[in-house]
Amino acid sequence: MKNESEYPKTLLEAGRYFADPDVCVEFVRSMRWPDGAKCPQCGGEKVSYLSTRRIFKCMAKDCHKQFSVKVGTIFEDSAVPLDKWLVAVWLVVNCKNGISSYEIARDLNVTQKSAWFMLHRIRFALREGDWGKLGGSESGPVEIDEVYIGGEPKNRHRRDWRARQNLPTVQTLDGLRPKWKTGRASDKVPVFGMLDRETRKVRTQVIPEVKRSVLMDAILANVEKRSTIYSDGLRDYIPLKAMDFIHDTVNHVTEYVRGEVHTNGIENYWSLLKRGLKGTYIAVEPFHLHRYADEQAFRFNNRATKDNPLDDRDRFMLAVSQISGKRLTYAELTGKTERPEVF
Ligand SMILES: [Zn+2]
């Protein structure tokens, strides 16, 4: 890979830099395969490059697979050229509150449908991979909180009602959840969030409903035992102490902050998420909510702080480093295939 300082530092520079298709291929190649292209079919490392067609060809005797640099990434099977993809990634990770498919369509001269698809694929790449657990007895406290997003307040209980009526469900790795009605009549969707005060990183999960067993499962899966946890006074959090966590609650009615005991960090994230959803996105379908949350979490977790002065280029490079091995088809995005989905 090149010296990082040779890569663009601003949107304007990125637009100029990626205007050359050969530069785009070389850039994505160097991020995916720093030691040279590998055959996606057989894993062979003897690969030649057909520069006129910008295609790689596996030289292994029984393989001869031809492939582009997009194969196996979020760019695969897309007719949108790499320069537009890369600038779109830049725009998404460096805007403050999010960017709509209409803005992407206008800025990059693609159709709104293409822009929508690109945005979702980029969000998919922004989801952090295998994280360890938050907290720990040696680490700082973990703030937890739950919110309802989207829809009208009067619809809040409709999803539970739908679940009870044996309406269609979707298998997820976390069990069954109701198949959400999409479009205008969207319901409120509960989201559970956790923020590690030590690393200042947030993690969110769209949950089927706010109830004790669901919340406890999420906490056990994401937070080390013996961690200190701060939450609001929701009664569903009462079992935490018995489950080997140190638990303290904030009572928002009578006190806002009691020393260390507060959930201001995670509430800060919720306000960013809500502002982004309100200002930028015309309508959020509950089915896609976890991807919007992932996008906002990426920006929140990689924002510049005193200890960690990240800039636009750093966020862009980090995002592009996550594109490999991630693919999302249009059918999966629109819910036309029922693939188990991890929240
Ligand atoms: Zn091969």
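Predicted model, so just to flag it, every value in this text is computed and none were measured.
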Could you go through F67 and Q41, starting from their C-alpha distance and side-chain angles, then the distance that decides it, and tell me whether this counts as side-chain contact (heavy atoms from CB on, under 4.5 Å)? CA-CA 9 Å; F67 56 97; Q41 184 94 3; over 6 Å; no

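- Looking at every heavy atom in both residues, A319 comes nearest to V89 through CB-CG1, 3.8 Å.
- Proximity of W33 to V69: side-chain heavy atoms (C-beta onward) are separated by under 4.5 Å at one or more points.
- Aromatic rings of Y17 and F316 (six-membered ring for Trp) have centroids beyond the 6.0 Å cut-off, not under it.
- Under the 3.5 Å distance criterion, the side-chain polar atoms of N301 are matched with a main-chain donor or acceptor of V202.
- Ion pairing between a basic and an acidic side chain is recognised when a charged N comes within 4.0 Å of a carboxylate O; E13 and R313 show no such pairing.
- Contact check for R16 versus P8: no side-chain heavy atoms found under the 4.5 Å cut-off.
- When all heavy atoms of K70 and P81 are compared, the closest pair comes out as NZ-CA, 4.5 Å.
- Judged as a side-chain contact (heavy atoms from CB on, under 4.5 Å), and not counting sequence neighbours, the contacts of L220 are K225, M243, F245.
- When side chains are defined from C-beta on, F75 does not count as touching S68, because their heavy atoms never get closer than 4.5 Å.
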Are R29 and E26 close enough, and set up right, to give a salt bridge (Lys or Arg N to Asp or Glu O under 4.0 Å), and what steps lead you there? CA-CA 5 Å; R29 202 269 318 145; E26 178 49 25; 2.5 Å; yes

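- Note that SG of C42 and NE2 of H64 are 10.0 Å apart. Values are rounded to the nearest 0.5 Å.
- Minimum heavy-atom separation, A37 to V47: O-CG2, 3.6 Å.
- Contact record, M118 with A88: CE-CB, 3.9 Å, taken as the closest heavy-atom pair.
- Rounded to the nearest 0.5 Å, atoms SG (C95) and CG (L11) are 11.0 Å apart.
- Remark: M59 pairs with K46, S48 by the side-chain contact (heavy atoms from CB on, under 4.5 Å) rule, at least two apart or across chains.
- Put simply, the side chain of T263 does not reach to within 4.5 Å of the side chain of D232, judged on heavy atoms.
- Formation of a donor-acceptor pair under 3.5 Å by the D236 side chain with backbone atoms of K211 is not found in this model.
- In this structure the side chain of V28 reaches within 4.5 angstrom of the side chain of I323, judged on heavy atoms.
- Applying the salt bridge (charged side-chain N to carboxylate O under 4.0 Å, His left out) test between D294 and each of R123, R127, R121 identifies R127 as the sole match.
- Summarising the local packing, CG of D62 is surrounded by 12 or fewer heavy atoms from other residues, nucleotides or ligands at distances under 6.0 Å.
- Of the N and O atoms on the side chains of N94 and R315, at least one donor lies less than 3.5 Å from an acceptor on the other residue.
- Connection of V210 to M194 is established within a shared hydrophobic cluster, with ILVMFWY side chains joined at heavy-atom distances below 4.5 Å, either directly or through further cluster members.
- Both L234 and I144 belong to a common hydrophobic cluster when Ile, Leu, Val, Met, Phe, Trp and Tyr are linked at side-chain heavy-atom distances under 4.5 angstrom.
- Across every non-hydrogen atom of F300 and G265, the tightest pair is CZ-O, 4.0 Å.
- Closest approach of V191 to T204, counting heavy atoms only: CG1-CB, 4.1 Å.
- Using a cutoff of 4.0 Å between basic side-chain nitrogens and carboxylate oxygens, E295 and R299 are scored as salt-bridged.
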Is there a side-chain contact (heavy atoms from CB on, under 4.5 Å) between L126 and Q296? Walk through the geometry before answering. CA-CA 9 Å; L126 296 184; Q296 195 59 262; over 6 Å; no

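- Checked by atom type and distance alone, the side chain of K84 pairs as donor or acceptor with a backbone atom of N109 at under 3.5 Å.
- I207 has its side chain out of reach of D217: every pair of non-hydrogen atoms, C-beta onward, lies at least 4.5 Å apart.
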Report the C-alpha distance between N268 and L195 in whole Å, list the side-chain angles of each, state the deciding distance to 0.1 Å, and finish with yes or no for side-chain contact (heavy atoms from CB on, under 4.5 Å). CA-CA 10 Å; N268 194 9; L195 178 130; over 6 Å; no

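- Contact annotation: the side chain of R203 approaches that of L134 to within less than 4.5 Å [non-hydrogen atoms, C-beta and beyond].
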For side-chain contact (heavy atoms from CB on, under 4.5 Å), just list the numbers for Y269 and D145, CA-CA rounded to whole Å, side-chain angles, deciding distance to a tenth of an Å, and then say yes or no. CA-CA 10 Å; Y269 168 79; D145 198 17; over 6 Å; no

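- Remark: the E146 side chain and the Y237 side chain contain an N/O donor-acceptor pair separated by less than 3.5 Å.
- L82 and Y7 fall within the same hydrophobic cluster, defined by Ile, Leu, Val, Met, Phe, Trp and Tyr side-chain heavy atoms under 4.5 Å apart, directly or through other members.
- One hydrophobic cluster, built from ILVMFWY side chains closer than 4.5 Å, holds both V87 and V23.
- Side-chain polar atoms of E103 and S100 form a donor-acceptor pair below 3.5 angstrom.
- Considering CZ of F124 and NE2 of H290, their distance stands at 8.5 Å, rounded to 0.5 Å.
- Using a 4.5 Å heavy-atom threshold, the side chains of Y292 and H120 count as touching.
- Linking ILVMFWY side-chain heavy atoms closer than 4.5 Å, directly or via other members, places V214 and Y148 in a single hydrophobic cluster.
- Counting side-chain heavy-atom gaps under 4.5 Å among Ile, Leu, Val, Met, Phe, Trp and Tyr, the cluster of L50 also holds I55.
- For R197 (side chain) and E260 (main-chain N/O), a donor-acceptor pair under 3.5 Å exists by modelled atom type.
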